[in-house]
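As a basis for the values below, the full set of heavy atoms in this structure was taken, side chains included, without hydrogen atoms, waters or symmetry mates.
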Amino acid sequence: AAAPPAVPDHGRAGAPRAGAHPRGVLLPGEESCRVEGVATRVLDTWRTALTSDFGYEPLDPGALTAFKLRDAVRQLPFLDAYRIVAVRSLPVRRAIGVAEGLKEIPDTTRVLLTVSGRLPAGNALAKAVAAAAAGVTREFPRFQGRTPSAWPSDRARPPALPPSIPPSAPPSPPPPPPLLDPRPAR
């Protein structure tokens, strides 16, 4: 049985070590576009190793209970080496109640949960995913506001320079050579 690919490591805190295959991935955050983008990439990576559609089970976050999640997680794969259980855009208020369904994640199951909002510190769902073997949680906080003058300076900064060096204007060309006057100077 082939091992599933790992979650892409983008150098952020909470990303798995190289070669680690997480069984549970939790992606909470206020930036829904970033959360859904990472979730789509993770699911696409995991689904490439599936041989059939029986290995992928998306669950409706509106009707999700801890018992439904537990049953989906514990179900054995049919034709594939592992199963994928995905819950996308789970509301924050339901995240605590769903945590009971993740008490144990078998080796044959991969779980992806995206939460539409920020989880409070010490949330039961985050603890349940962390308790699962190779569980990964990556939070996507809201971008901090910047002044309008900060955008051009950030975009003009060459990527090779460290942030401590301010961007500078390109060097001006040398002045043109002086014109030679055929008359002698007096």
> When rounded to the nearest 0.5 angstrom, what is the spacing between CZ in Arg110 and CG in Leu50?
Replying inline: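 So the CZ of Arg110 and the CG of Leu50 are separated by 10.5 Å.
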>> Can you tell me how far apart CZ (Arg138) and CG (Leu27) are? Round to the nearest 0.5 Å.
In response: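 Answer for the CZ-CG pair, Arg138 versus Leu27, is 6.5 Å.
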>> According to ring pair (Phe, Tyr, Trp, His ring centres under 6.0 Å), who are the partners of Phe67, at least two apart in sequence or on a separate chain?
In response: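 If we apply the ring pair (Phe, Tyr, Trp, His ring centres under 6.0 Å) test to Phe67, skipping adjacent residues, there are no hits.
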>> Applying the side chain to side chain contact (heavy atoms under 4.5 Å, CB included) criterion to Val129, which one of Ile105, Asn123, Val136, Leu26 satisfies it?
In response: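 The residue from Ile105, Asn123, Val136, Leu26 that satisfies side chain to side chain contact (heavy atoms under 4.5 Å, CB included) with Val129 turns out to be Leu26.
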> Can you list every salt bridge (Lys or Arg N to Asp or Glu O under 4.0 Å) pair that touches residues 113-127, not counting sequence neighbours?
Replying inline: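 Sorted result for residues 113-127: Arg118-Glu139.
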>> Apply side-chain contact (heavy atoms from CB on, under 4.5 Å) to residues Thr48 and Asp44 and explain how you reach the verdict.
In response: CA-CA 6 Å; Thr48 56; Asp44 289 345; 5.7 Å; no
> Looking at residues at least two apart in the chain, or sitting in another chain, which of them share a salt bridge (Lys or Arg N to Asp or Glu O under 4.0 Å) with Glu31?
Replying inline: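 Glu31: no salt bridge (Lys or Arg N to Asp or Glu O under 4.0 Å) contacts found.
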> How far apart are the C-alpha atoms of Glu36 and Arg88, what are their side-chain angles, what is the distance that settles it, and do they pass the salt bridge (charged side-chain N to carboxylate O under 4.0 Å, His left out) test?
Replying inline: CA-CA 8 Å; Glu36 290 301 319; Arg88 297 176 93 165; 3.0 Å; yes
> Which is it for Leu112 and Val85 under the side-chain contact (heavy atoms from CB on, under 4.5 Å) test, yes or no, and what are the steps along the way?
Replying inline: CA-CA 6 Å; Leu112 174 77; Val85 177; over 6 Å; no
For residues [X] and [Y], determine if any side-chain heavy atom of one lies less than 4.5 Å from a side-chain heavy atom of the other.
X      : Y      : value
Val35  : Pro28  : no
Leu113 : Val25  : no
Leu43  : Ile84  : yes
Arg70  : Val73  : no
Leu119 : Val115 : yes

>> Between Asp107 and Arg23, is the side-chain contact (heavy atoms from CB on, under 4.5 Å) condition met? List the steps.
In response: CA-CA 7 Å; Asp107 291 338; Arg23 285 190 250 163; 3.0 Å; yes
>> Show every side chain to side chain donor-acceptor pair (under 3.5 Å) that has at least one partner inside residues 49-60, sequence neighbours left out.
In response: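 Residue pairs with at least one partner in residues 49-60: Thr51-Asp80, Ser52-Asp80, Glu57-Arg83.
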> Hey, mind stepping through Arg74 and Glu104 against side-chain contact (heavy atoms from CB on, under 4.5 Å) and telling me if it holds?
Replying inline: CA-CA 8 Å; Arg74 288 184 180 173; Glu104 54 189 65; 3.9 Å; yes
> Trp46 and Val111: which non-hydrogen atoms are nearest, and at how many Å?
Replying inline: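 Scanning both residues, the minimum pair turns out to be CH2-O, 3.9 Å.
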> Just checking, Arg34 and Phe140: is the charged tip under 6.0 Å from the six-membered ring centre and within 45° of the axis?
Replying inline: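 Not satisfied by the 6.0 Å and 45° rule.
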> Residues two or more places apart in sequence or in another chain: which of them pass side chain to side chain donor-acceptor pair (under 3.5 Å) with Arg47?
Replying inline: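 By the side chain to side chain donor-acceptor pair (under 3.5 Å) rule, Arg47 matches no residue at all.
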> What pairs with Ser32 under side chain to side chain donor-acceptor pair (under 3.5 Å), at least two apart in sequence or on another chain?
Replying inline: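 Once residues adjacent in sequence are excluded, Ser32 has no partner under the side chain to side chain donor-acceptor pair (under 3.5 Å) criterion.
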> Thr108: what forms a side chain to side chain contact (heavy atoms under 4.5 Å, CB included) with it, not counting sequence neighbours?
Replying inline: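 Testing Thr108 for side chain to side chain contact (heavy atoms under 4.5 Å, CB included), a comparison that skips the adjacent residues, returns Leu76, Pro77, Pro106.
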Exercise answer: donor-acceptor pairs, residues 90-99 side-chain atoms, under 3.5 Å, sequence neighbours excluded:
unit_1 : atom_1 : unit_2 : atom_2 : d
Arg94  : NH1    : Gly62  : O      : 3.1
Arg94  : NH2    : Leu64  : O      : 2.3

